[in-house]
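Working notes, beginning with the structure itself.
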Amino acid sequence: MLHKILKVHRLLAVSYISYIYLLSGLITNFLQLLTFLFVRTFSERWGTKINGYLSAGLFSIFTFVVEWHCECKIRFFCSHEDLKYLHKEHCLCICNHHGEVDWLLGYTLLERMNCLEGCKGLVKKETMYLPVIGWKMWFSDYMFLSRSWAKDQEIIRKTCQTWSKYDALHNKNFYILFAEGTRFTEEKHAASVKFCKDRGIEPYRNVLVPRTKGAVELISQLRDSLGCVYDVVFAFPGSNNPGTWTMFSGKSTDVDIYFRRIGVEDVPKNDREEIAEFVMQQFRGKDDLLDYHTTHQQFPGEAFPLPRRKVSLIMFYVWSLVTVTPGVAFLVNLIRNECYNMLLLLAIISIIGGFVSHKIISAASVKKNQKEKGI
């Protein structure tokens, strides 16, 4: 099996997955463009639906990495009651930003919930210009923030107006919010503790102080179309905290994911200070949960079986068939006709393409030691 062969050689695995990701991404972008021009123009409902499935097809490469390439051992902690609401309402997921691979784990969580096609998120404005991932996000109506509150407040309002349309279109979406604004590091945690002490706030132990202005605006704008808010916490047993390329190279890891549904009726409605306090309290809860996880190496309660599906594995083989078969046939034809100059050119292009793909996938993760200004 191809996915087992890739586990043998890490360099081969990274190169092959990057190749599949880059070509399948360009194909997806082209199909998204056609959908935007010729379907969404006439039917917003069907345009957004088709785009959602195209997006899920591309992101299945990422979930393949987590579920089949790395074969990560993921434990989900939730209640049976909360599972009844999955894929039946619009949800805002407020997550902690524990490490580089949180975005991969978020996609994996939604894939196992069968909700990947409805994923939306908040990302840096610069991401919009990245080939494949950035273009995909633009077609999918992601929110692109400039990290200037004067500009971002209006961006949030306009994007939320677009997102609110999905309620009438009957497309159920998961909106992903990393309210800390940046990945947790010891240096950033020290800055967070200082920020809290300077303002008379009890410092957080395991998370960064959330940036409430953007979160408050987001909740205020979306509240009428939301069914709930999900409290989501990522944690890694032991001292394990893998990087993006560690997972792309096939190294397995253990992951715990906690999620809890909060009905929108329990979210403050009009008072912005109360909404800000609600967000702060969610991170107090995350802080306590991470303390519990450090002590017990799991979240409270019983791990719920949310098994991996074969969709991402099938999609990876489909993309492999679509992108690799024509390339192999073309190479065989060049060898038969002794077109060595063309082969050399293709080798150079492949090296450049691999480098570009490496940069694109790396850009989708959070850079280490990156200094960010957030909302």
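In this chain, residues are counted from 1 in sequence order.
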Inset, instruction - Would you kindly say whether K136 and T28 are connected by a side-chain donor-acceptor distance under 3.5 Å? - result: no

Inset, instruction - Scan side-chain atoms only and decide if Y16 and S320 contain a donor-acceptor pair under the 3.5 Å cut-off. - result: yes

Inset, instruction - Take F299 and H293 through the test ring pair (Phe, Tyr, Trp, His ring centres under 6.0 Å) and record every step on the way to the result. - result: CA-CA 5 Å; F299 289 117; H293 190 277; 4.8 Å; yes

Inset, instruction - Answer yes or no for R199 and F195: cation-pi contact, defined as NZ/CZ to six-membered ring centre under 6.0 Å and angle to ring axis within 45°. - result: yes

Inset, instruction - Answer yes if the side chains of S79 and D82 hold a donor-acceptor pair under 3.5 Å, and no otherwise. - result: yes

Legend entry - Note: K213-D152 ion pair, threshold 4.0 Å (strictly below): no

Inset, instruction - Using distance alone, with no hydrogens and no angle criterion, decide if S312 and E67 have a side-chain donor and acceptor under 3.5 Å apart. - result: yes

Inset, instruction - Not counting sequence neighbours, which residues clear side chain to side chain donor-acceptor pair (under 3.5 Å) with R308? List them please. - result: none

Inset, instruction - Please determine if K286 forms a cation-pi arrangement with F283, meaning its NZ or CZ atom is less than 6.0 Å from the six-membered ring centre and no more than 45° off the ring axis. - result: yes

Legend entry - Test item: S43 side-chain N/O and R40 main-chain N/O as donor-acceptor pair under 3.5 Å: no

Legend entry - Same apolar cluster: L26 and Y53, side chain cutoff 4.5 Å: no

Legend entry - Y230 six-ring centre to R260 NZ/CZ under 6.0 Å and within 45° of normal: no

Legend entry - E89 and R261 ion-paired at < 4.0 Å: yes

